[in-house]
Amino acid sequence: MQQKLNLYNTLTRKKEEFEPLHAPFVGMYVCGPTVYGEPHLGHARSAVTFDVLYRYLKYQGYKVRYVRNITDVGHLENDADEGEDKIQKKAKLEHLEPMEVVNHYTNIYHQEMDKLNVRQPDIEPRASGHIMEQVQMIQEILDNGFAYEVNGSVYFDVQTYNKQHKYGKLSGRIIDDLLNNTRTLDGQEEKRSPLDFALWKKASPTHIMRWPSPWSEGFPGWHLECSAMSRKYLGTTFDIHGGGLDLMFPHHECEIAQSQASCNHTDAAKYWVHNNMITVNGQKMGKSLGNFINLSELFSGNHEMLEQAYTPMTIRFFILQAHYRSTLDFSNEALQAARKGYTKLMNGMRVLKKLKYTEEAVENAPDTKLNEELQKLTQDCFRGLNDDLNTAKTIASLFNLLKKINSLYLGQIKMEELSRGTFDLMRDTYQELVGDVLGLKEETVGNMQDVLDLVLTFYKEAKEQKAYDKVDAIRVELKRQGIVIKDMKTGIDWAYEE
RNA sequence: GGUAACGUGGCCGAGUGGCUAGGCUCAGCUCUGCAAAAGCUGCUACAGCGGUUCGAAUCCGCUCGUUACCUCCA
């Protein structure tokens with residue numbers, strides 16, 4: 001119906017028309033969180049961005065297999081041999097088993113994602129559950145001559161690899177520049193080159209998380225898990241690989257190299273998609289800078305940078321109102337504006353439910369110009385999404401559509417001016433894009449208890465006035481909602497219907 | 001130091017040569033018992049300086065400013 005989806009491919013630095021390798025199937029892999037801390041706004045952006053991509057692909061009829069991993073091992077504090085595993089470090093701090101840490105933060109991640117209406121991926125593999133696959137992959141890379149073993153650890157040989165393939169193709173890095181500018185880190189004497197990265201690390205005596213391997217008792221390197229798990233569930237080459245822009249180098253670059261080195265498949269994925277960062281006062285929000293805001297803090301308002309609490313849908317809308325490849329600056333003002341914009345869209349959903357196309361209107365000739373305008377507006381909504389998932393554009397178009405919807409509701413535009421087809425198109429486009437694709441849903445506002453108390457006050461007044469028709473009406477409606485009124489000598493109260 | 005971006009009106013944020021972005025804020029109008037909602041109208045823009053072009057926020061150059069990646073981070 002519309003033009004096709006175009007995606008910006010980091011690999012080619014161009015927008016490309018999306019063409020699956022094996023339509024109608026689409027394989028999509030996105031780097032998930034390392035579960036050693038609470039999810040923050042940055043996690044939300046990545047998750048929401050790829051959630052919309054997932055939803056839109058499904059909306060277009062593709063059969064999508066969406067894999068998003070949980071990193072629960074191998075992610076070190078830094079690249080040096082002494083670098084401590086993030087999970088293990090946290091476990092020590094809190095006197096917990098590493099897997100307790102992992103479970104704890106994985107659960108929180110899931111809860112927060114649910115609140116943001118982020119759909120669960122089809123497969124959510126954990127690195128620690130795929131050690132065998134990773135060991136096998138290392139063996140292949142060794143056999144192909146692109147890795148070497150030193151003291152029980154295995155490193156990827158970047159320079160040997162670079163002679164046959166191009167290391168740095170994704171991030172646009174030149175290997176000589178890297179060599180000249182890499183900072184010297186402690187504990188790298190095992191490596192032949194500072195650019196080499198670990199595939200397997202021998203565990204030091206104090207290291208808790210360890211597995212047997214042909215080389216030593218140890219643990220896999222961070223970059224390996226994504227290669228091994230994407231290959232296992234999506235095949236050696238798949239359609240889309242996503243993640244945050246900060247993972248492009250070295251993480252994704254290493255993934256491409258590992259894939260090529262192990263099974264000689266180029267690029268691992270056809271489209272590499274990266275979301276940009278969220279900034280605070282123009283600076284990246286990140287763990288290392290300590291300026292990040294956890295999602296739970298946003299939802300509760302409990303953070304010094306927050307003037308108030310913001311609901312999950314406000315956050316989702318805030319993220320979607322910018323294009324995913326732009327940085328997005330956090331501020332209370334911006335979030336407050338997002339809240340209002342979101343509410344406006346939701347009010348539109350409610351209005352639309354009440355609007356009915358009147359059949360008798362067909363007698364009158366529709367306004368051709370208006371119909372064409374509305375059809376163009378609906379097309380604009382899709383055009384935005386198709387243009388590299390530009391949700392900002394789509395939302396702008398939805399607001400334009402909303403003006404017409406509100407005008408219809410107020411009778412400023414007469415229903416008979418529309419053709420049935422135009423009305424259906426407008427309604428379906430709005431409802432499906434807002435609800436199914438953008439994933440915005442209604443949040444109940446206010447406190448049910450307060451509303452009920454108010455109803456009971458009117459109920460009591462009606463009884464005192466002996467207006468029993470009103471009294472009965474209130475009873476009937478509340479009962480329909482599963483609530484019964486209890487008239488007691490001591491007062492009036494309500495209870496759930498048993 | 002290397003590489004790559006970015007600088008849009010009070011705020012956020014789209015827009016890669018000519019077509020109103022949009023949201024929030026502010027002011028006015030319509031509607032309205034009051035108010036709100038909604039609709040309509042208005043208000044301030046493209047960091048600066050040059051250049052290319054019939055025409056540039058959009059292409060090129062320089063200057064200023066900001067950021068990211070190069071080490072863990074979505």
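Just so you know, these numbers come straight off a predicted model, no measurement behind them. In what follows, every chain begins at residue 1, and chains take the letters A, B, ... in the order their sequences are listed.
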**OP:** Ignoring backbone atoms, establish whether A/Ser326 has a side-chain N or O less than 4.0 Å from OP1 or OP2 of B/G13.
**Re:** no
Original post:
Rounding to the closest angstrom, what is the interatomic distance between B/U52 and B/G39 at atom P?
Top reply: 46 Å
**OP:** Taking atom NZ of A/Lys202 as the centre, report whether more than 12 heavy atoms of other residues, nucleotides or ligands fall under 6.0 Å from it.
**Re:** no
**OP:** Using whole Å, report how far OH of A/Tyr8 lies from P of B/U16.
**Re:** 13 Å
Original post:
Is the shortest side-chain N to carboxylate O distance from A/Glu443 to A/Lys115 below 4.0 Å?
Top reply: no
Original post:
Using a cut-off of 4.0 Å on non-hydrogen atoms, how would the nucleic acid contact of A/Met248 be classed: base, sugar-phosphate, or nothing?
Top reply: nothing
Subject >> Residue mapping more 5' on RNA chain B - nearest nucleotide basis, A/Lys404 or A/Gly243 >> reply: A/Lys404
Subject >> C1' gap between B/A38 and B/C31, integer Å >> reply: 9 Å
**OP:** Could you label the plane-to-plane angle of the A/Phe219 and A/His207 rings as parallel, tilted or perpendicular, counting under 30° as parallel and over 60° as perpendicular?
**Re:** parallel
**OP:** Identify which nucleotide among B/A14, B/A74, B/G2 has an atom closest to any side-chain atom of A/Ala322, counting heavy atoms from C-beta outward.
**Re:** B/A14
Original post:
Considering only the C1' atoms, how many Å lie between B/U66 and B/U30, rounded to the nearest integer?
Top reply: 45 Å
Subject >> Point-to-point distance, once rounded to the nearest 0.5 Å, from CG of A/Leu438 to CD1 of A/Ile319 >> reply: 12.5 Å
Original post:
Using a cut-off of less than 4.0 Å, is there contact between a side-chain N or O of A/Asn406 and OP1 or OP2 of B/G39?
Top reply: yes
Original post:
Salt bridge check: are A/Arg192 and A/Asp157 linked by an N-O gap of less than 4.0 Å?
Top reply: yes
Original post:
Hey, are A/Glu100 and A/His104 close enough side-chain-wise for a donor-acceptor pair under 3.5 Å?
Top reply: no
Subject >> Nucleotide opposite B/U66 in a Watson-Crick or G-U pair, distances under 3.5 Å >> reply: B/A5
Original post:
Is there a Watson-Crick or G-U wobble partner for B/U20 with both distances under 3.5 Å, and which nucleotide is it?
Top reply: none
Original post:
Roughly how many Å is it from CG in A/Asn291 to C1' in B/C73, rounded to a whole number?
Top reply: 11 Å
**OP:** Using whole Å, report how far CG of A/Leu410 lies from P of B/C31.
**Re:** 13 Å
Original post:
For atom C1', what is the distance between B/C60 and B/C11, given to the nearest Å?
Top reply: 32 Å
Original post:
Which part of the nucleic acid does A/Gly42 contact within heavy-atom distance under 4.0 Å: base, sugar-phosphate only, or nothing?
Top reply: base
Original post:
How far, in whole Å, is B/U71 from B/G61 if one measures between their C1' atoms?
Top reply: 35 Å
Quick test: give all pairs of protein nitrogen or oxygen and nucleotides 20-29 of chain B nitrogen or oxygen below 3.5 Å, distance rounded to 0.1 Å.
unit_1 : atom_1 : unit_2   : atom_2 : d
B/C24  : OP1    : A/Lys344 : NZ     : 3.4
B/U25  : OP1    : A/Lys340 : NZ     : 2.6

Subject >> Ring-face cation of A/Arg173 near A/Tyr167 (centre distance under 6.0 Å, axis angle within 45°) >> reply: no
Subject >> Rounded distance in Å - CZ (A/Phe249) to P (B/A4) >> reply: 14 Å
**OP:** Provide the Watson-Crick or G-U wobble partner of B/U52, both distances under 3.5 Å; none if there is no partner.
**Re:** none
Original post:
B/C73 P sits how many Å from A/Gln283 CD, rounded?
Top reply: 18 Å
Subject >> A/Asp329 CG - B/C11 C1' separation (whole Å) >> reply: 11 Å
Original post:
B/C72, B/C69, B/G39: which one has an atom nearest the side-chain heavy atoms of A/Pro250?
Top reply: B/C72
**OP:** Scan every strand shown for a Watson-Crick or G-U wobble partner of B/U44, both distances under 3.5 Å, and answer none if you come up empty.
**Re:** none
Original post:
When you check the phosphate oxygens OP1 and OP2 of B/G15, does a side-chain N or O of A/Asn390 lie under 4.0 Å from one of them?
Top reply: yes
**OP:** Report which part of the nucleic acid A/Asn276 touches: base, sugar-phosphate, or nothing (heavy-atom distance under 4.0 Å, all strands).
**Re:** base
Original post:
Base, sugar-phosphate, or nothing: which does A/Leu328 touch, judged by heavy atoms less than 4.0 Å apart?
Top reply: sugar-phosphate
Original post:
So, is A/Lys284 close to the B/C69 phosphate, meaning a side-chain N or O under 4.0 Å from OP1 or OP2?
Top reply: yes
Subject >> Distance (rounded to the nearest 0.5 Å) between A/Tyr59 OH and A/Leu5 CG >> reply: 13.5 Å
Original post:
Could you state the CZ-P distance from A/Phe318 to B/C11, rounded to the nearest angstrom?
Top reply: 16 Å
Original post:
Taking the P atom of each, how far is B/A56 from B/A68, in whole Å?
Top reply: 34 Å
Subject >> Between A/Asn9 and A/Glu16: side-chain donor-acceptor atoms closer than 3.5 Å >> reply: yes
**OP:** For B/G15 versus B/A45, give the span between their C1' atoms, rounded off to a whole number of Å.
**Re:** 13 Å
Original post:
What nucleic acid atoms does A/His40 come within less than 4.0 Å of, heavy atoms only: base, sugar-phosphate, or nothing?
Top reply: base
Original post:
What interatomic distance, in whole Å, is found between C1' of B/U25 and the corresponding atom of B/C73?
Top reply: 35 Å
Original post:
Start at the 5' end of RNA chain B and walk down; is the nucleotide closest to A/Gly172 or to A/Leu402 reached first?
Top reply: A/Gly172
**OP:** Indicate whether the side chain of A/Asp329 and that of A/Thr327 have a donor and an acceptor atom separated by less than 3.5 Å.
**Re:** no
Subject >> Spacing of A/Leu401 atom CG relative to B/A38 atom P, expressed in whole Å >> reply: 16 Å
